[in-house]
There are 2 protein chains.
Amino acid sequence: MTKPIRLNEQLCFSIYKAQKQFNHFYSQALAKYKLTYPQYITLLSLYEHGTMSVKEVGQTLNLDSGTLTPLMKRMEKDGWISRKRSAQDERRVDVSLTKKATDMRDEIYEHVGSCMTYLRFPDEVYDAIKAQVDSVDEHLAAIPDEELQ
Amino acid sequence: MTKPIRLNEQLCFSIYKAQKQFNHFYSQALAKYKLTYPQYITLLSLYEHGTMSVKEVGQTLNLDSGTLTPLMKRMEKDGWISRKRSAQDERRVDVSLTKKATDMRDEIYEHVGSCMTYLRFPDEVYDAIKAQVDSVDEHLAAIPDEELQ
DNA sequence: ATCGAGCTTATTGTAGACGATTTAATTAGG
DNA sequence: CCTAATTAAATCGTCTACAATAAGCTCGAT
C-alpha cells in the first residue's frame with residue numbers, strides 16, 4: 001500500500017548524479033594541473049581569502065581536518081601550498097599559497113572559465129538554478145537530526 | 001586582469017554542498033536500518049527492477065564494479081541482498097533481494113517518505129528544481145572530454 | 001574443436017568524506 | 001596559579017568513487 005520510491009523521481013539522486021558529472025568535468029579540466037576538484041576549491045578559497053588556518057579553510061568548504069589534513073599534505077607535496085604552525089597559537093596550522101600557486105592563478109581562472117562556457121547556460125538560468133540548489137541545501141541544513149530518527 | 005572565481009557563486013559548489021547535505025540527511029534517516037545512502041539507492045533500484053546483474057545495477061546508478069562489489073559484499077553481510085553467479089552466463093553475478101529486504105520494503109518507503117516531508121517543498125517546486133538539476137547533468141554529460149583539455 | 005575478440009566481474013591503488021578518538025595548546029574559573 | 005574545559009590538528013576506521021588492470025567466460029569464425 002505504501003507508495004514506491006522511484007529513483008529517477010528523487011531530487012537527491014539528481015543532485016548525486018550532477019555532482020558526479022561536475023567531478024568528471026573538473027577532473028578533465030584540471031588534469032593539466034594535476035588538481036582534483038576538492039583540491040581546486042581549496043585553492044579557490046585561498047585565492048579569495050588569503051592565508052588561513054586549516055579550521056578556517058574548513059569553514060569555507062564545509063570540510064573537517066580529517067579530510068583536509070591529508071588533502072593539504074598532497075597539495076603541499078605538489079607545490080601548491082605551504083603549511084606552517086602558527087607562532088601565536090601553536091594549535092593552528094596556517095596554510096598559505098606558494099609562488100607557483102599565485103603565478104598560476106590567472107591561467108587557472110582563465111582555463112576553467114573557458115571550460116565553463118561549454119555548459120552553455122545563460123547567466124540568468126545559471127543563477128536561477130544555483131539559487132534553487134542553495135535553497136535545497138538550506139532547507140536540509142535546517143532539519144534537526146532528531147526529526148529523522 | 002582575469003575575472004576571479006568566487007566559490008559562493010559557483011553552481012558546482014552549490015551542488016557539491018547540497019549533495020553532502022543530502023548524504024547527511026539520509027545517514028540520519030537510514031541509521032536505524034544501518035544503510036548508507038549508496039546502499040539505499042542500490043536497494044531502491046532492486047525494489048524497482050528486481051534481480052539484476054552487477055553490471056545492470058551499475059547502469060541504473062552510474063557506478064562501476066570497483067564501487068559496487070565491496071558495497072554489495074557489505075550489503076550481503078548485513079542480510080539485504082544475495083549474490084550468485086548466473087548459471088546461464090557465468091560471467092554475470094545476479095543480485096537479488098533477501099526476505100529481510102522485501103519484508104522491510106514498505107517500512108523503509110514509509111519512513112523515508114515521512115522524512116522527506118521535512119524538506120517542505122511543494123511538489124511543483126520540488127519537480128522544477130529536479131528538472132533543472134537534471135538539465136545541468138545532461139548538459140555536462142554532453143561535453144566531450146577533449147573540449148576541456 | 002579451438003582460438004581469440006570482446007564482455008563481465010573482481011581487484012588494486014589513489015583520493016575523498018566523515019565520525020570518533022587522541023594529543024597538544026590555550027583559555028577560563030575557582 | 002593551577003586545574004578543568006575548550007579548541008585545533010592529526011590519526012584511525014569505515015565507506016565511497018573511479019581508473020586501470022587482471023582474470024575468467026562466451027561466442028563466433030575458422
Side-chain angles (χ1 to χ4, degrees), chain A residues 12-13 16-28 30-31 34-43 52-59 61-78 80-81 83-95 145, chain B residues 12-13 15-28 30-31 33-43 52-59 61-78 80-81 83-95 145:
Chain A
C12 59
F13 189 55
Y16 174 75
K17 285 187 297 181
Q19 196 277 326
K20 290 200 296 175
Q21 283 293 344
F22 261 124
N23 224 48
H24 178 77
F25 173 90
Y26 279 101
S27 79
Q28 296 296 318
L30 298 168
K34 299 211 191 203
L35 284 168
T36 65
Y37 179 71
Q39 290 171 6
Y40 165 70
I41 60 176
T42 302
L43 204 52
M52 284 183 291
S53 69
V54 172
K55 170 85 172 182
E56 289 164 336
V57 174
Q59 283 166 344
L61 304 180
N62 287 306
L63 292 172
D64 73 358
S65 67
T67 302
L68 285 176
T69 296
L71 181 151
M72 285 177 166
K73 283 183 179 173
R74 286 186 285 270
M75 289 183 76
E76 186 178 42
K77 185 172 63 62
D78 293 341
W80 293 105
I81 59 173
R83 300 155 64 244
K84 207 171 60 182
R85 237 169 237 272
S86 160
Q88 288 79 43
D89 183 343
E90 296 209 15
R91 288 171 305 182
R92 293 166 48 103
V93 168
D94 288 325
V95 184
D145 287 352
Chain B
C12 59
F13 189 54
I15 289 184
Y16 174 75
K17 285 186 297 182
Q19 196 277 326
K20 290 200 297 175
Q21 283 292 345
F22 261 124
N23 223 49
H24 178 77
F25 172 90
Y26 279 101
S27 79
Q28 295 297 318
L30 298 169
Y33 308 114
K34 301 212 192 201
L35 285 169
T36 64
Y37 178 70
Q39 290 170 5
Y40 165 70
I41 59 176
T42 302
L43 205 51
M52 283 183 291
S53 70
V54 172
K55 171 83 172 187
E56 288 164 337
V57 174
Q59 283 166 345
L61 305 179
N62 287 306
L63 292 172
D64 74 358
S65 70
T67 302
L68 286 176
T69 297
L71 181 152
M72 285 177 164
K73 283 182 177 172
R74 286 185 285 271
M75 289 184 77
E76 186 177 40
K77 185 172 63 62
D78 294 340
W80 294 105
I81 59 172
R83 298 155 66 245
K84 206 171 62 180
R85 220 160 256 285
S86 161
Q88 288 78 43
D89 181 344
E90 296 208 15
R91 288 169 305 182
R92 293 167 50 104
V93 169
D94 287 324
V95 183
D145 287 351

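We name chains A, B, ... by the order of the sequence lines, and we start the count at 1 in each one.
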From CZ (A:R83) to CG (A:L68), nearest 0.5 Å = 10.5 Å

Please walk me through it: do B:M75 and B:L43 pass side-chain contact (heavy atoms from CB on, under 4.5 Å)?
-> CA-CA 9 Å; B:M75 289 184 77; B:L43 205 51; 4.1 Å; yes

Which value, rounded to the nearest 0.5 Å, describes the distance between B:L30 atom CG and B:Q39 atom CD?
-> 9.0 Å

In whole angstroms, how far is the P atom of C:dA10 from the CZ atom of B:R92?
-> 12 Å

Pick base, sugar-phosphate or nothing for B:N62, based on heavy-atom distances below 4.0 Å to the nucleic acid.
-> sugar-phosphate

Under-4.0 Å side-chain N/O to phosphate OP1/OP2 contact, B:Y16 with C:dG16 = no

In whole angstroms, how far is the C1' atom of C:dT9 from the CG atom of B:D94?
-> 12 Å

Short side-chain N/O contact to D:dA17 OP1/OP2 from A:K20, under 4.0 Å | no

Report the nucleotide, chosen from C:dG16, D:dC15, C:dG19, that has the shortest atom-to-atom distance to any side-chain atom of B:R74.
-> D:dC15

Please report the C-alpha distance between A:M72 and A:V57 in whole Å, then the side-chain angles of each, then the deciding distance to 0.1 Å, and finally whether the side-chain contact (heavy atoms from CB on, under 4.5 Å) criterion is met.
-> CA-CA 11 Å; A:M72 285 177 166; A:V57 174; 3.7 Å; yes

Rounded off to whole Å, could you give me the CG-to-C1' distance for the B:L71 and D:dC15 pair?
-> 8 Å

Run the side-chain contact (heavy atoms from CB on, under 4.5 Å) check on A:Y37 and B:C12 step by step: do they pass?
-> CA-CA 10 Å; A:Y37 179 71; B:C12 59; 3.2 Å; yes

Between A:K20 and A:H24, does a side-chain contact (heavy atoms from CB on, under 4.5 Å) hold up when you go through it step by step?
-> CA-CA 6 Å; A:K20 290 200 296 175; A:H24 178 77; over 6 Å; no

When we call it a touch if two heavy atoms are under 4.0 Å apart, what does B:S53 touch: a base, just sugar-phosphate, or nothing?
-> sugar-phosphate

Just to confirm, is there a sub-4.0 Å distance from OP1 or OP2 of D:dT16 to any side-chain nitrogen or oxygen of B:Q39?
-> yes

To the nearest angstrom, the CG-P distance between B:L63 and D:dA19 comes to 11 Å

Send over the distance from B:Y37 OH to C:dC18 C1', rounded to a whole Å.
-> 18 Å

Remember a base hit wins even if backbone is also touched, and classify A:Q88 as base, sugar-phosphate or nothing at under 4.0 Å, heavy atoms.
-> sugar-phosphate

Contact nearer the 5' end of DNA chain C, comparing B:D89 with A:D89 = B:D89

Separation of atom CE in A:M75 from atom C1' in C:dT14, rounded to whole Å = 16 Å

For atom CG of B:L30 and atom P of D:dT16, their distance in whole Å = 12 Å

N or O in side chain of B:S27 less than 4.0 angstrom from C:dC18 OP1/OP2 | no

What one should report as the nearest heavy-atom pair of B:L71 and B:P38 is CD1-CB, 3.6 Å

Are there any protein N/O atoms within less than 3.5 Å of an N/O atom in nucleotides 10-12 of chain D, and if so, which ones and at what distance?
residue	atom	partner	partner atom	Å
D:dA10	OP1	A:R83	NH2	2.9
D:dA10	OP2	A:T69	OG1	2.7
D:dA10	N7	A:S65	OG	2.8
D:dT11	OP2	A:K73	NZ	2.9

How are the rings of A:Y16 and A:F13 set to each other: parallel, tilted or perpendicular (split at 30° and 60°)?
-> parallel

Is a donor-acceptor pair below 3.5 Å formed from side chain A:R91 to base D:dT7, judging by atom type as modelled?
-> yes

Toward the 5' end of DNA chain D, which comes first, A:K55 or A:N23, by nearest nucleotide?
-> A:K55

Roughly, in whole Å, what's the span from CZ in A:F25 to C1' in D:dC18?
-> 19 Å

